[in-house]
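Atoms within a ligand are numbered from 1 in the order they appear, just like the ligands themselves. Below, all heavy atoms of this structure are taken into account, side chains as well, without hydrogens, waters or symmetry copies.
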Amino acid sequence: MSRALSVGPPKESPIGTTLERHLLDRQRSMPDATGDFTGLFQQITLAAKIIGSRVSKAGLSGILGRTGTTNVQGEQVQKLDEFANQTIVSTVEAGGHVCVMGSEEVEEPIAIPPQYPQGKYVLQFDPLDGSGNIDINASIGTIFSIHRRVTPEGQPGTLKDLLQPGSDIVAAGYIVYGSSNMLVYSTGSQVDGFTYDPGVGEFFLSHPNIRIPERGNIYSINEGNYHNWDERIQKWVDWIKTPTPEKKAYRLRYIGAMVADLHRTLLRGGIFVYPPDIKNKKGKLRLLYEASPMAFVVEAAGGVASDGKSRILTIQPKELHQRTPVFMGSPADVADALRFANA
Ligand code: P6P
């Protein structure tokens, strides 16, 4: 007797939910979706897989060490930075989904070559955040944010398309290259995390609807800069690591890569801070492709992201590589820090 063929995939797929399936489900839930966003995200995902593969072999492929050149920040550029930057640019530029890109590694806006269509989105990214960790095999990451263009469609995008506040982000996220590689992203309503299975070559949903705890017990800041800080930041750090009858001392964790420190903060709670200091009067971290996308994710997970005075997402950018102070994490912990910072 012939058995009826099962129709369509099972509701709960036995292989779990791939990132591709998650994106297509999202696209199907939006009646006016054109597939542009899904296409762009798939290109970002491909770039992440390529970068992740190279990062995992960095120690073997002889591209460790420095190129001898410096990027727009005056920082020594690691060869892997250049590779990651070129991987994202070449993976995305031909897809017809973006009209201009901005990268930590490139001083000027990155135009889409004339032979490719000008898309409706804008992509900004830090191709390899924390690259100083590469040589010691510590976690590093890629940060990205997607806006809609604000200049007329059909023509090349401009700096104006890049200088948009984080509150107008369509989607943002990061890939952390660590003990496993994870892609975490949000379109504003919730945050979902996907873990990469190198045996299959796919990201699988592993952390649905990430919510940051209201309060944690970890603070993350480079205490080596203690004597360069405003005394109010010094007082906050002195307070947070001192046990009192009301609270235990917090633990210090600092990986030195914003993506990794904030990924831990997102999952465990606590606070990550990079305040201004006498060397970096505006802070060290860049607004458009580090602080804004991470703030978007942190807020979507129920956290708080401030520059010390106001929400990072409300800052109107004036320059492509401008910097901002960063206070991000659990609402209660950021509130404590801001109380000291603005005393
Ligand atoms: P410091 C990495 O170079 C980075 O841009 C961020 O990822 C990280 O949070 C910060 O700088 C670390 O800076 O001065 O503590 O080494």
Chemist: Taking Arg339 first and then Asp336, would you say they form a salt bridge - that is, a charged N and a carboxylate O separated by under 4.0 Å?
Modeler: yes
Chemist: Indicate yes or no: does Lys49 engage Glu202 in a salt bridge with an N to O separation below 4.0 Å.
Modeler: yes
Chemist: Given Lys284, Lys279, Glu290, identify the one with the heavy atom nearest to atom 11 (O) of ligand 1.
Modeler: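 Nearest option to atom 11 (O) of ligand 1, by heavy atoms: Lys284.
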Chemist: Tell me whether ligand 1 is touched by Gly132 - counting only heavy atoms on the residue side and a distance under 4.0 Å.
Modeler: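 No, Gly132 has no heavy atom closer than 4.0 Å to ligand 1.
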Chemist: Is Arg148 salt-bridged to Glu153, going by a charged N under 4.0 Å from an acidic O?
Modeler: no
Chemist: One residue to check: Leu285. Relative to ligand 1, which of side chain, backbone, both or neither has a non-hydrogen atom less than 4.0 Å away?
Modeler: side chain
Chemist: Under 3.5 Å between any N/O of Asn225 and any N/O of ligand 1: does that happen in this structure?
Modeler: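 Between Asn225 and ligand 1 (N or O atoms, distance only) the closest approach is not under 3.5 Å.
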Chemist: How are the rings of Phe203 and Tyr196 set relative to one another: parallel (under 30°), tilted (30 to 60°) or perpendicular (over 60°)?
Modeler: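 Answer is tilted, since the angle falls between 30° and 60°.
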Chemist: Please identify which atoms of ligand 1 are closer than 4.0 Å to at least one heavy atom of Tyr274.
Modeler: 1 (P), 13 (O), 14 (O), 15 (O)
Chemist: Nearest heavy atom to atom 8 (C) of ligand 1 wins, so pick from Gly130, Ser131, Gly256.
Modeler: Gly256
Chemist: When the ring centroid of Phe144 is compared with that of Phe41, is the distance short of 6.0 Å?
Modeler: yes
Chemist: Would you tell me which option among Asp129, Asn280, Ile255, Ile140 has the nearest heavy-atom contact to atom 6 (C) of ligand 1?
Modeler: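 Looking at heavy atoms only, the winner is Asp129.
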Chemist: Mark up the atoms of ligand 1 that fall under 4.0 Å of a heavy atom belonging to Ala257, in ascending order.
Modeler: 7 (O), 9 (O)
Chemist: Give a yes or no on whether a salt bridge exists between Lys279 and Asp277, defined as a side-chain N under 4.0 angstrom from a carboxylate O.
Modeler: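 Salt bridge between Lys279 and Asp277, a charged N being under 4.0 Å from a carboxylate O: no.
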Chemist: State whether the shortest distance between N or O atoms of Met258 and N or O atoms of ligand 1 falls below 3.5 angstrom.
Modeler: yes
